[in-house]
Amino acid sequence: DANALVEIAEQIGDAQKLAEAHLAQAKVNIRTSSYDKAQVACYRALAAAKEGGHPQLEVKCLHSIALLMWYMEEYDEAEAYFKHELNTHADSVDSSLLAQSFHYLGAISWRRGEYDAAEKYYNQALKLRDAQKAIPGKASTLMALGTMYGSKGDYQKSIETHEEVRALA
């Protein structure tokens with residue numbers, strides 16, 4: 001139980017464990033669409049990570065907040081958190097988180113009809129996913145990119161991109 005983990009971490013006074021427990025609590029709340037509770041848990045996790053001097057964990061917290069904003073359809077907020085993560089922590093971030101951030105920035109740009117920006121972000125995500133050899137992540141990004149090309153009216157590129165996905169299987 002995530003709440004029990006928070007209580008234990010608070011009792012032992014371990015900032016890292018507390019941040020991790022709050023993130024676990026946030027995930028549970030996101031799954032149940034309790035976004036207000038998830039937001040509180042994310043911010044508490046971020047505060048604990050900062051207090052404990054854990055930059056990697058701080059980045060995970062920022063990433064979780066960005067994803068939460070995405071789920072809440074607060075796209076401007078999500079974009080700001082993803083960009084903050086990329087601009088201030090790119091050197092210390094796990095490349096899978098970076099790829100996911102670029103993917104979501106692509107999705108946000110696509111929602112706005114900013115196709116060139118979306119394509120740029122999706123391609124940055126693909127570059128990272130290729131380096132990681134992350135086939136499921138690559139397939140997801142290619143699917144989004146191909147669908148975005150279709151929305152844009154570039155049907156040939158859409159077909160070619162979706163064929164790339166099929167070739168991964």
Side-chain angles (χ1 to χ4, degrees), residues 2-3 5-6 9-10 15-129 132 134 136-152:
N3 292 327
L5 290 175
V6 169
E10 284 174 342
Q16 180 177 353
K17 297 274 187 238
L18 183 59
E20 290 168 351
H22 280 302
L23 282 177
Q25 199 176 43
K27 285 181 184 180
V28 169
N29 289 321
I30 289 170
R31 285 189 194 118
T32 60
S33 299
S34 301
Y35 296 136
D36 290 342
K37 290 180 181 178
Q39 197 169 7
V40 169
C42 282
Y43 287 118
R44 287 181 177 163
L46 181 59
K50 283 183 176 183
E51 179 184 313
H54 300 284
Q56 287 281 0
L57 197 48
E58 190 177 326
V59 170
K60 283 184 179 179
C61 295
L62 289 170
H63 192 80
S64 294
I65 294 168
L67 288 174
L68 175 61
M69 294 298 125
W70 168 266
Y71 295 132
M72 293 171 62
E73 298 181 3
E74 297 287 343
Y75 301 117
D76 291 341
E77 293 266 342
E79 178 184 43
Y81 276 103
F82 283 126
K83 285 184 173 180
H84 177 70
E85 173 190 329
L86 293 170
N87 292 333
T88 59
H89 299 287
D91 296 339
S92 62
V93 177
D94 176 280
S95 63
S96 64
L97 285 182
L98 283 177
Q100 191 178 48
S101 295
F102 282 124
H103 179 102
Y104 278 101
L105 285 168
I108 291 166
S109 296
W110 173 20
R111 284 183 163 279
R112 294 179 177 151
E114 298 167 357
Y115 297 115
D116 291 341
E119 183 176 20
K120 180 187 86 169
Y121 286 128
Y122 283 137
N123 283 323
Q124 287 174 296
L126 285 172
K127 208 182 293 185
L128 289 166
R129 294 190 196 268
Q132 303 161 344
K138 181 177 182 177
S140 174
T141 300
L142 282 170
M143 286 293 295
L145 183 60
T147 305
M148 188 269 310
Y149 285 138
S151 295
K152 182 179 167 181

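Predicted model only: the values in this text are computed from it and were never measured.
A donor-acceptor pair is defined here as one N or O able to donate and one able to accept, closer than 3.5 Å; no such pair exists between the side chain of Ser140 and the backbone of Pro136. Formation of a donor-acceptor pair under 3.5 Å by the Thr32 side chain with backbone atoms of Asn29 is found in this model. Formation of a donor-acceptor pair under 3.5 Å by the Ser34 side chain with backbone atoms of Ile30 is not found in this model. With hydrogens and angles ignored, the 3.5 Å screen pairs a side-chain donor or acceptor of Arg129 with a backbone N or O of Gly137.
Within the model, atoms NZ of Lys138 and CE of Met143 stand 14.5 Å from one another, a figure rounded to the nearest 0.5 Å. In this structure, the separation between NE2 on His84 and CD1 on Ile65 is 9.5 Å, given to the nearest 0.5 Å. Here CD of Gln100 is found 12.0 Å from CG of Leu128. Values are rounded to the nearest 0.5 Å. The CD atom of Glu51 sits 8.0 Å away from the CG atom of Leu18 when rounded to the nearest 0.5 Å. Annotation: the span from Leu62 atom CG to Tyr81 atom OH amounts to 7.5 Å, rounded to 0.5 Å.
A heavy-atom distance below 4.5 Å is found between the side chains of Asp116 and Lys152. A 4.5 Å side-chain heavy-atom check between Val28 and Lys37 finds every atom pair outside the cut-off. With a 4.5 Å cut-off on side-chain heavy atoms, Met69 and Gln39 count as touching. For the pair Arg111/Tyr75, a side-chain contact is recorded, criterion being any heavy-atom separation below 4.5 Å from C-beta on. Inter-residue side-chain proximity for His22 and Tyr43 is flagged as unmet; no heavy-atom pair is nearer than 4.5 Å. Counting heavy atoms from C-beta outward, Val59 and Thr88 have side chains that stay 4.5 Å or more apart.
Salt bridge Arg112/Glu79: present, at least one basic N to carboxylate O contact under 4.0 Å.
Here the shortest heavy-atom pairing between Gln132 and Ala99 reads NE2-CB, 4.2 Å. Residue Ala38 comes nearest to Leu68 through the heavy atom pair C-CD2, 3.8 Å, listed as atom of the first residue, atom of the second, then distance. Taking each heavy atom of Ser109 and Ala118 in turn, the nearest pair found is CB-N, 3.5 Å. Nearest heavy atoms, Cys61 versus Ala49: SG-CB, 4.3 Å.
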Item to check | Chi angles and distances behind the side chain to side chain contact (heavy atoms under 4.5 Å, CB included) call for Phe102, Leu86 | outcome: CA-CA 9 Å; Phe102 282 124; Leu86 293 170; 3.7 Å; yes
Next on the checklist: Could you go through Asn123 and Leu145, starting from their C-alpha distance and side-chain angles, then the distance that decides it, and tell me whether this counts as side chain to side chain contact (heavy atoms under 4.5 Å, CB included)?
Outcome noted: CA-CA 8 Å; Asn123 283 323; Leu145 183 60; 3.9 Å; yes
Next on the checklist: With side chain to side chain contact (heavy atoms under 4.5 Å, CB included) as the criterion, how do Leu97 and Glu85 come out once you've worked through the C-alpha distance, each side chain's angles and the decisive distance to 0.1 Å?
Outcome noted: CA-CA 10 Å; Leu97 285 182; Glu85 173 190 329; 4.1 Å; yes
Next on the checklist: Between His103 and Tyr121, does the ring pair (Phe, Tyr, Trp, His ring centres under 6.0 Å) criterion hold? Intermediate values first, please.
Outcome noted: CA-CA 6 Å; His103 179 102; Tyr121 286 128; over 10 Å; no
Checklist entry - How far apart are the C-alpha atoms of Tyr115 and Ser151, what are their side-chain angles, what is the distance that settles it, and do they pass the side chain to side chain contact (heavy atoms under 4.5 Å, CB included) test? => result CA-CA 9 Å; Tyr115 297 115; Ser151 295; 4.1 Å; yes
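Trp110 and Tyr122 have perpendicular rings, their planes meeting at more than 60° on a 0 to 90° scale where under 30° would count as parallel.
Other residues, nucleotides and ligands contribute only 12 or fewer heavy atoms inside 6.0 Å of the NZ atom of Lys27.
Ring centroid separation for the pair His63 and Phe82 comes in under the 6.0 Å cut-off.
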